[in-house]
Colleague: 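Just dropping this structure here.
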Amino acid sequence: MGILSGYTVLDCSIAMAGPFAAQRLGDLGADVIKIEPVTGEWQRHAPAGGVTGNEVNVSFLSLNRNKRSLAVDLKSDEGRKIIRRLVKTADVFIQNYRAGVAGRLGVDYETLSAINPGLIYVSMTGFGEDGPYAKRPGQDLLLQAMSGAMMSTGRAGEPPQASGQYIVDAVTAYTAFEGALAALLHRERTGEGQKVEVNMLDAITTIQMQELSVFTVGHKPQTRSAEPHAHVYIRSPYGTFATTDGYIALAMPQFEAMAKALDEPRFADLDEMKAGWEDRDGVFALTREAIGKFSTADALERLNAHGIWAGPVYTYADLVDDPQIAHNGTFVEYDHPTEGRVKTPGFPIRFSRTPSEVRYGAPRVGEHTKEVLAAAGFSDAEIAEMAKTGAIREMGE
C-alpha cells in the first residue's frame, strides 16, 4: 500500500504537466481517476517522437500509469452530474484548462468546493489565471524562451538554445505535486481544503533562484561567450568537449590539476578566477585543444585521477545500460494488455515502509468507466443509459 493509499484524485488535466503531477500522486498510492473525453485525452493523439504504439502511444503510456480511466462528456448534463457526485468523496482535483474553461464546464473551484469544502483543488495554467497573459497557451518551448534560461547557454551572436527536455512541463508538474501534498498536510491538521494555483511561468522562473539572484542582487548581466560555454554565471572551462572518439563534460577544474592531468603546462600559467572569468573564450579554446588529444576513456581517467569533475556524455542507450542505473532500479518494467512489455522510468523517491509500485499501466479510453461509476453509486441502468446517450464511454465502444 502506497503512502497516499486511501486518497482519491480526480485528474482532469491534459498533455504533460498535469498528467505527470497526477501520476506522481498515483505512484505514491492514491487512487487516480483520469477523467477524459469520450474521444480520449489529447495526449493519446499526439505521440512524442511519432511512436504511436499498438493502441496506447508512448507519450500517454509514460504519463498515465497508476490511473483508472473514466471517459465522460463534461459538456453534457449527465457528465457534470457524474463529476459532482465524484467530487463529494474526492480529496484532490487537478485541471490545467485555459483560463475560463473550468467555469464553463462547471468544474471551477467555487462550484466544486461548495460541494466538498475539504477538496484540494489544483489549478495549473501557463501564465496565471488572470493578468495580461492569462489567455496565452502555456507551451514548454515558449516558456523556456520567456524565462530567460535560453540566454544563459550557447554562443554569443547565435540563436539561444532550448533544453533537450520538456523542462518547463516537468518542473511545473513537480511544483503542482508539491503543492498538492502540502495542501493535503494542511487539511490533515486543520480540516480545511483549498485552491492551489500553479503556473508554468512562475515554476520555470523560480527554479532559476540562484541565477536570477545573481542578476537582481549582484547586478551581473547575462553575457554569452563566443565559445559554447555551458552557463553565463560559471567560470571557464565549463561545458562539453570533444575527444578523439566522443565527448566529455567538464566542470570548473583547478588549473594546476588540469596542467598535470592533460600534460598542458599553459594552464599552470593562468589565474583561475581572472582568466576563468575575463578570458572565458581563451580558456575554453585551450581546454578544447588539450582534451581533443585523448580518447574519452583516457581523458576521464586522467582527469578523475587528479580530482577534476569530469564525466561521460551519454546517449539514452548509454544511460539505460549504466550499472548505477541498474543498481538503483531507476527503470521499472511491467506488462501492458495492448503494448506488451513496458520499460519506463520509475520512482525517484524511496520509502522504507510504503514503496511505490505500478498497480495499473496507462489505461485505455474508458477502461474503468463502469467500475468508477458503480463505486460512486450509479446503477447499471443509469450507466447503460448514459452510455447510450454518449455522455460516457466504456472500453470497447
Side-chain angles (χ1 to χ4, degrees), residues 1-13 17-35 66-68 70 74 80-97 99-103 105-131 134 171-203 205-207 209 347-356 359 372 375-377:
M1 301 293 286
I3 202 165
L4 292 181
S5 177
Y7 290 92
T8 298
V9 177
L10 304 182
D11 176 19
C12 272
S13 64
F20 196 7
Q23 178 171 282
R24 284 294 179 228
L25 295 171
D27 287 348
L28 296 189
D31 178 18
V32 180
I33 300 172
K34 184 172 184 67
I35 299 170
N66 287 330
K67 301 180 185 182
R68 296 188 291 161
L70 167 62
L74 292 184
R80 287 188 288 272
K81 175 183 176 183
I82 289 170
I83 296 303
R84 288 193 293 270
R85 187 177 298 190
L86 293 176
V87 162
K88 289 180 181 179
T89 55
D91 298 288
V92 179
F93 184 93
I94 300 178
Q95 59 88 357
N96 61 350
Y97 300 123
V101 173
L105 294 175
V107 294
D108 53 293
Y109 175 67
E110 290 71 22
T111 298
L112 300 190
S113 63
I115 297 170
N116 178 359
L119 185 68
I120 305 303
Y121 185 101
V122 181
S123 175
M124 304 171 68
T125 58
F127 297 88
E129 293 195 356
D130 46 38
V171 168
T172 305
Y174 270 88
T175 304
F177 171 59
E178 177 184 347
L181 292 179
L184 283 172
L185 177 59
H186 174 77
R187 194 187 69 175
E188 292 296 320
R189 290 172 168 171
T190 67
E192 295 177 333
Q194 62 181 302
K195 185 178 185 180
V196 179
E197 294 185 39
V198 173
N199 72 72
M200 299 171 78
L201 179 60
D202 286 351
T205 298
T206 55
I207 203 173
M209 181 67 68
F347 317 110
I349 304 172
R350 295 185 180 184
F351 298 94
S352 62
R353 295 184 180 274
T354 54
S356 300
R359 304 185 309 282
V372 171

Colleague: What's the shortest heavy-atom distance between Ala17 and Ala173, and which atoms?
Modeller: O-CB, 3.3 Å

Colleague: Taking atom CZ of Arg24 and atom CD of Glu178, what is their separation to the nearest 0.5 Å?
Modeller: 14.0 Å

Colleague: Only one of Asp11, Val9, Thr8 passes side chain to side chain contact (heavy atoms under 4.5 Å, CB included) with Ile33; say which it is.
Modeller: Thr8

Colleague: Is there a side chain to side chain contact (heavy atoms under 4.5 Å, CB included) between Leu28 and Phe347 once you walk through the steps?
Modeller: CA-CA 9 Å; Leu28 296 189; Phe347 317 110; over 6 Å; no

Colleague: Under 4.5 Å between any side-chain heavy atoms of Leu184 and Val92, yes or no?
Modeller: yes

Colleague: Just do the ring pair (Phe, Tyr, Trp, His ring centres under 6.0 Å) check on Phe20 and Phe177 with the steps written out, would you?
Modeller: CA-CA 9 Å; Phe20 196 7; Phe177 171 59; 9.0 Å; no

Colleague: In the structure I gave you, are the side-chain heavy atoms of Thr354 and Met1 within less than 4.5 Å of one another anywhere?
Modeller: no

Colleague: Minimum heavy-atom separation for Val122 to Ala180, with atom names?
Modeller: CG2-CB, 4.1 Å

Colleague: Heavy atoms only: give me the nearest Val196-Ala183 pair and the separation to one decimal.
Modeller: CG2-CB, 3.8 Å

Colleague: Might you work through the side chain to side chain contact (heavy atoms under 4.5 Å, CB included) test for Ile82 and Leu74, ending with a clear yes or no?
Modeller: CA-CA 9 Å; Ile82 289 170; Leu74 292 184; over 6 Å; no

Colleague: Does some side-chain heavy atom of Tyr97 sit less than 4.5 Å from a side-chain heavy atom of Ser13?
Modeller: no

Colleague: Between Tyr121 and Gln95, does any side-chain donor sit less than 3.5 Å from a side-chain acceptor?
Modeller: yes

Colleague: Is a side-chain N or O of Ser113 found less than 3.5 angstrom from the main chain of Tyr109, in a donor-acceptor match?
Modeller: yes

Colleague: Roughly how far, to the nearest 0.5 Å, is the CD1 atom of Ile83 from the CG atom of Leu10?
Modeller: 6.5 Å

Colleague: Which pair of heavy atoms, one from Ala203 and one from Thr172, lies closest together, and at what distance?
Modeller: CB-OG1, 3.7 Å

Colleague: How close do Val171 and Thr175 get, heavy atom to heavy atom, and via which atoms?
Modeller: O-OG1, 2.7 Å

Colleague: Side chain to side chain contact (heavy atoms under 4.5 Å, CB included), that's the test. Do Arg80 and Leu105 meet it? Break it down for me.
Modeller: CA-CA 8 Å; Arg80 287 188 288 272; Leu105 294 175; 5.5 Å; no

Colleague: Please determine whether a side-chain nitrogen of the Lys or Arg among Lys195 and Glu129 lies less than 4.0 Å from a carboxylate oxygen of the Asp or Glu.
Modeller: yes

Colleague: How long is the straight-line distance from CD1 of Ile115 back to OG1 of Thr89, given to the nearest 0.5 Å?
Modeller: 11.0 Å

Colleague: I need the Asp27 CG to Ile349 CD1 distance, nearest 0.5 Å.
Modeller: 9.5 Å

Colleague: At what distance, to the nearest 0.5 angstrom, does CD of Glu192 lie from NE2 of His186?
Modeller: 4.0 Å

Colleague: To the nearest 0.5 Å, how far apart are NZ in Lys34 and CD1 in Ile94?
Modeller: 10.0 Å

Colleague: Are Leu86 and Leu70 packed together at the side-chain level, in the sense that at least one heavy-atom pair is separated by less than 4.5 angstrom?
Modeller: yes

Colleague: Hey, does Gln23 have a side-chain heavy atom less than 4.5 Å from the side chain of Asn66?
Modeller: no

Colleague: Got more than 12 heavy atoms from elsewhere within 6.0 Å of CG, Leu181?
Modeller: yes

Colleague: For Tyr7, enumerate each residue passing the side chain to side chain donor-acceptor pair (under 3.5 Å) test, keeping only those at least two apart in sequence or located in another chain.
Modeller: Glu188

Colleague: Search all heavy atoms of Asn116 against all heavy atoms of Ala90 and return the closest pair with its distance.
Modeller: ND2-O, 2.9 Å

Colleague: Does the pair Phe93 and Leu112 meet the rule for a side chain to side chain contact (heavy atoms under 4.5 Å, CB included), with working shown?
Modeller: CA-CA 9 Å; Phe93 184 93; Leu112 300 190; 3.8 Å; yes

Colleague: Identify whether the distance between the nearest side-chain nitrogen and carboxylate oxygen of Arg187 and Asp91 falls below 4.0 Å.
Modeller: yes

Colleague: If we ignore angles and hydrogens, is there a donor and acceptor under 3.5 Å between the side chains of Asp202 and Thr205?
Modeller: no

